[in-house]
Amino acid sequence: MPSMAQGGLRNSADSHHKLRAKFPVDDRKVDPAFSRKQKIAEHRKSLPIASVEKRLGDEVRNNDILIIVGETGSGKTTQLPQFLFNAGFCRDGKTIGITQPRRVAAVTVAKRVAEECGVELGQRVGYSIRFEDVTSGSTRIKYMTDGLLLREALLDPYLSRYSVIIVDEAHERTVHTDVLLGLLKNVQKASLDARGFSEYFGGARAVHIQGRQFPVDIFYTHHAEPDYVDATLITILQIHLEERPGDILVFLTGQEEIESVERLVKERLQQLPEGSRKLLAAPIFSALPSEKQMRVFAPAPAGFRKVILATNIAETSVTIPGIRYVIDPGFVKARSYDPVKGMESLIIVPTSKAQALQRSGRAGREGPGKCFRLYPESEFEKLDDSTKPEIKRCNLANVILQLKALGVDDILGFDFMEKPSRASIVKSLEQLFLLGALTDECKLSDPVGHQMAQLPLDPIYSRALILASQFNCLEEMLITVAMLSVESIFYAPREKLEEARTAMKCFSCPEGDHLTLVNVYRASNEFLEKRTVGLSKEKNEKILRKWCKENFINSRSLRHARDVHSQIRGNVEQMGLRLASCGDDMLQFCRCLAASFFLNAALKQPEGTYRALASGQVVQIHPSSVLFRAKPECIVFNELVQTNHKYIRNITKIDYLWLAELAPQYYCMQN
DNA sequence: GAGCACTGC
């Protein structure tokens, strides 16, 4: 009960004693519900934001746009909507909408606020995320993902059911947030969070709220480290041997790096005296199956210290308790986009100052902490202030399609907070035109463009669904597109690579990866139908997880694909597209893939590499493809990723002649 | 011969 603890240390034990003696029957001890309620009320009162409740209500009432800079732990996300509700912002039946970049945040915060309000989740307080709507007619405080609000805007461009929109975590500058802000600027009715937005909104008022964060001491190295993996290892062991108890969080760039540091930590520990070996390494990254991710949350055994090896998943998405030390080598793997080649790639770059700050803050959640930056302070000064917003680093085809559907025709003139390059916009317009989504006048085409905008998919996949209804293979394409839309379906841990390969062979199809994915999906369906008649949903999930594990499939990805499948199946049915299967006619399906993915066709070169026809780039088949060894003459692919090489992934063999036949607008016959 | 992180009525 923090409000009581503030009286000072000397007398607190005494007064506590007296209180109990005076009131031998303490309500809090008798009624746990009362105690919980009391605790929540006291917690709310203790939050830094509580002292400015009235002011916030007034500011929001008096300003169309308000920037609220709430530091970590200020309570803004949970309290502000309640303040506004109490201040009467929902009186005319309107709703307060709060957007979050991530689903898990929308869900957990909504649950917390419902509890604080003492209402059932889904009634006055609710949340809405893709595949999950826990709201009702009486919902007045609605948490949601920013992407979902954008989808809502397609149906109601003025967002007329909301009295206030709070865009939380706007400083993260996700593509969705940026598009939403541009849209809200048109609607001119918003309350924003984060600094530096004031100028964009024409000098909007800003309110600062103090946070609650413990101090973190920052340490730099004297010199630049030539090998940051080695420097990381040395620092881990140094902390382990010399510092007080507390877990260590290390930020690395990817799976490979994490696995090698994990191995090296174990090796070096063996060289230490036995009493000093009580250090446990726990990896976490997105592609790790969730049961393995959970290990980082388990407390270390008594006497042990945990060292968590993480990607930037631990920067914002996941909060791990018990962290007292952070090691930050100063690098991150980031997406980048080359509009000339139309290629996205992953490259390792230095973090920004803001990112370094965010990382060090992870050491000060529960008490004072320490952060070791593995570079000199002079290097920190040279870092960019903040990370380049994603909208300047990605393919814009989807953003443009959405904006067009929202009635924004002049994309080059749209008032983005930070405008993507002209080249990048033009390249994506060109792609949309080639896919048939835009007319010669650059307007959304009817019906294709409108249908594509309605589907929650990459434009190229939306186009594939529309074409598939004409090729009589929509059932197969729905599965394909769902499987292509999720993270990697196959999971092959290094130590069981051979087993995983054998498992994958059961599904593999000589035509290529697309039909292989269809086989996996259908096998999971058959398994479920055979094994789970009459079982509960939880039992179903559990039995499917087991099947996935046996087959080296990432169950989280497969479940996600099944959700996407049922959603887009609903979408195409609503559009009236013809749902049919091509049965055993693989040729028909492969021709449809060629017609859909003609922009991503590639031809084999004498030395076994491929030349992508649209961009002229030399690429290689990714080793995870079923066609890695077969190397057919002509292929279509879905993903081009630059890591050590330019790799293409998700590939199907096609006949070269189909291109001119099925995409004559692009490939005219030259011979 | 190899996989940053998020997300979408």
Side-chain angles (χ1 to χ4, degrees), chain A residues 99-106 128-135 142 144-156 169 172-180 251-259 284-288 310-318 331-336 344-349 351 355 358 387 390 393-394 398-399 401-402 405 453-459 461-462 482 485-494 497 500-501 554 557 560 563-564 566-568 570-571 574 608 620-625 628-629 639 641-645 647-650:
Chain A
T99 71
Q100 297 288 332
R102 280 171 294 281
R103 294 158 55 97
V104 57
S128 192
I129 58 177
R130 190 182 190 186
F131 311 129
E132 227 181 310
D133 181 14
V134 186
T135 63
K142 175 173 165 186
M144 65 197 126
T145 46
D146 44 17
L148 191 112
L149 185 61
L150 271 181
R151 285 272 147 196
E152 270 188 20
L154 285 179
L155 301 178
D156 176 12
E169 312 288 5
E172 287 190 22
R173 303 293 304 277
T174 67
V175 172
H176 286 153
T177 300
D178 273 21
V179 175
L180 191 56
F251 286 100
L252 296 164
T253 62
Q255 177 176 354
E256 213 168 1
E257 214 170 86
I258 286 174
E259 282 170 351
I284 182 166
F285 45 89
S286 163
L288 197 69
T311 59
N312 43 352
I313 190 173
E315 240 173 52
T316 48
S317 311
V318 166
F331 292 96
V332 62
K333 203 181 276 191
R335 186 190 298 285
S336 91
E344 290 187 335
S345 51
L346 294 171
I347 47 174
I348 293 175
V349 294
T351 62
Q355 221 170 352
Q358 175 76 22
T387 310
E390 198 189 3
R393 297 185 279 122
C394 73
N398 215 355
V399 167
L401 195 61
Q402 296 293 300
Q454 219 177 306
L455 290 160
L457 291 168
D458 265 3
Y461 296 155
S462 303
S485 297
V486 302
E487 323 77 86
S488 181
I489 287 286
F490 294 102
Y491 178 74
R494 191 179 292 255
L497 213 57
R501 197 175 302 161
N554 186 327
S557 303
H560 192 182
D563 285 339
V564 173
S566 88
Q567 185 185 28
I568 57 180
N571 290 142
Q574 213 173 12
Q620 294 182 37
I621 295 184
H622 193 277
S624 64
S625 169
F628 178 63
R629 283 175 211 286
E639 226 186 331
V641 181
Q642 165 124 39
T643 49
N644 293 329
H645 301 279
Y647 284 113
I648 49 175
R649 278 198 296 213
N650 295 319

Quick one: is B/dT7 close enough that its OP1 or OP2 comes under 4.0 Å of any side-chain N or O from A/T145? no
Can you find a pair of side-chain heavy atoms, one from A/T316 and one from A/E172, that are under 4.5 Å apart? yes
Interatomic distance, A/L401 CG vs B/dT7 P [rounded to whole Å]: 21 Å
Selected nucleotide, minimal atom distance to A/F285 side chain, candidates B/dT7, B/dG3, B/dA5: B/dA5
Please figure out whether A/L455 or A/G254 has its closest DNA chain B nucleotide nearer the 5' end. A/G254
How many whole angstroms separate atom CD of A/E639 from atom C1' of B/dG3? 10 Å
The single option from A/Q100, A/M144, A/K142 that satisfies side chain to side chain contact (heavy atoms under 4.5 Å, CB included) with A/L149 is A/M144
Any A/T316 side-chain nitrogen or oxygen under 4.0 Å from OP1 or OP2 of B/dC6: no
Just call it for A/T174: base, sugar-phosphate, or nothing, with non-hydrogen atoms closer than 4.0 Å on any strand. nothing
Give A/N571 one of three labels, base, sugar-phosphate or nothing, depending on what nucleic acid heavy atoms sit under 4.0 Å from its own. nothing
Classify the nucleic acid contact of A/R393 as base, sugar-phosphate or nothing, counting any heavy atom under 4.0 Å across all strands shown. nothing
Using the side-chain heavy atoms of A/I313, tell me which of these nucleotides is nearest: B/dG8, B/dC4, B/dA5. B/dA5
A/Q358 side chain to A/E315 main-chain N or O, any donor-acceptor pair under 3.5 Å? yes
Using only heavy-atom distances, decide whether a donor-acceptor pair under 3.5 angstrom links the side-chain of A/R629 to the base of B/dG1. yes
Which part of the nucleic acid does A/L154 contact within heavy-atom distance under 4.0 Å: base, sugar-phosphate only, or nothing? nothing
Going by heavy atoms in the side chains, are A/E257 and A/K333 under 4.5 Å from each other? no
Hey, does A/R102 reach any base, or is it just sugar-phosphate, or nothing, if we go heavy atoms under 4.0 Å? sugar-phosphate
Check the distance between B/dA2's C1' and A/N650's CG and give it to me in whole angstrom. 14 Å
From CD of A/E487 across to P of B/dG8 the rounded distance in Å is 11 Å
Nearest heavy atom decides the nucleotide; on that basis, is A/Y647 or A/L149 closer to the 5' end of DNA chain B? A/Y647
May I ask you to say what A/L150 touches in the nucleic acid, namely base, sugar-phosphate or nothing, with a heavy-atom cut-off under 4.0 Å? nothing
What's the CZ-P distance between A/R335 and B/dC4, to the nearest Å? 12 Å
Let me know the distance between OH of A/Y491 and P of B/dA2, rounded to the nearest Å. 17 Å
Side-chain atoms of A/E390 come closest, of B/dG1, B/dA5, B/dC4, to B/dA5
Using atom NZ of A/K333 as one end and atom C1' of B/dG3 as the other, report the distance to the nearest whole Å. 7 Å
With A/P101, which of A/E169, A/R173, A/H176 fulfils side chain to side chain contact (heavy atoms under 4.5 Å, CB included)? A/E169
For B/dG8, take OP1 and OP2 only and decide whether either is under 4.0 Å from a side-chain N or O of A/R103. yes
Against A/I568, only a single residue in A/S462, A/P456, A/S485 fulfils side chain to side chain contact (heavy atoms under 4.5 Å, CB included); can you say which? A/P456
Could you state the atom-to-atom distance from CG of A/L148 to C1' of B/dT7 in whole Å? 10 Å
Is the shortest side-chain N/O distance from A/T253 to OP1 or OP2 of B/dC4 below 4.0 Å? no
